[in-house]
Amino acid sequence: MTPGHSIERDRLRAGVVECPLCERQIPEPLTHAVVYGAVDTVTADNADAVECPVCDGVTFVAD
């Protein structure tokens with residue numbers, strides 16, 4: 001279990017992510033994943049955060 005308001009990386013890999021801020025499910029969470037730094041492709045393994053398309057909140061990904 002992750003502390004506070006964060007998203008578990010395993011849930012991001014599975015594509016089943018609920019926003020801890022508004023408690024709604026984020027459809028296709030990898031399309032809303034954010035990496036802080038230069039990468040060619042955003043993946044579940046290098047994502048730093050996920051932006052919620054419903055509430056516009058940003059939640060960090062935790063291992």
Side-chain angles (χ1 to χ4, degrees):
M1 178 177 252
T2 57
H5 294 288
S6 60
I7 294 171
E8 294 179 22
R9 191 169 308 277
D10 287 339
R11 293 186 62 80
L12 183 58
R13 283 186 191 110
V16 181
V17 173
E18 186 176 277
C19 176
L21 303 173
C22 70
E23 299 181 352
R24 295 207 177 165
Q25 188 165 355
I26 300 173
E28 300 179 34
L30 273 180
T31 62
H32 303 287
V34 178
V35 173
Y36 298 109
V39 296
D40 292 327
T41 305
V42 177
T43 67
D45 293 320
N46 66 10
D48 294 311
V50 176
E51 295 177 327
C52 178
V54 177
C55 72
D56 294 325
V58 177
T59 305
F60 288 101
V61 177
D63 290 311

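Note that the structure is a prediction, hence the values are computed from the model and not measured.
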Of all heavy-atom pairs between [X] and [Y], which one has the smallest distance, and what is that distance?
X: Thr59; Y: Ser6; answer: CG2-CA, 3.5 Å
X: Leu21; Y: Cys55; answer: CB-SG, 4.2 Å
X: Ala44; Y: Arg13; answer: CB-CG, 3.5 Å

Answer whether the closest heavy-atom distance between the side chains of [X] and [Y] falls below 4.5 Å.
X: Val50; Y: Leu12; result: yes
X: Glu18; Y: Ile7; result: no
X: Cys22; Y: Cys52; result: yes
X: Gln25; Y: Val17; result: no
X: Pro53; Y: Ile26; result: yes
X: Val34; Y: Asp48; result: no

Output yes when Asp45 and Arg9 qualify as a salt bridge under the 4.0 Å nitrogen-oxygen rule, no when they do not. no
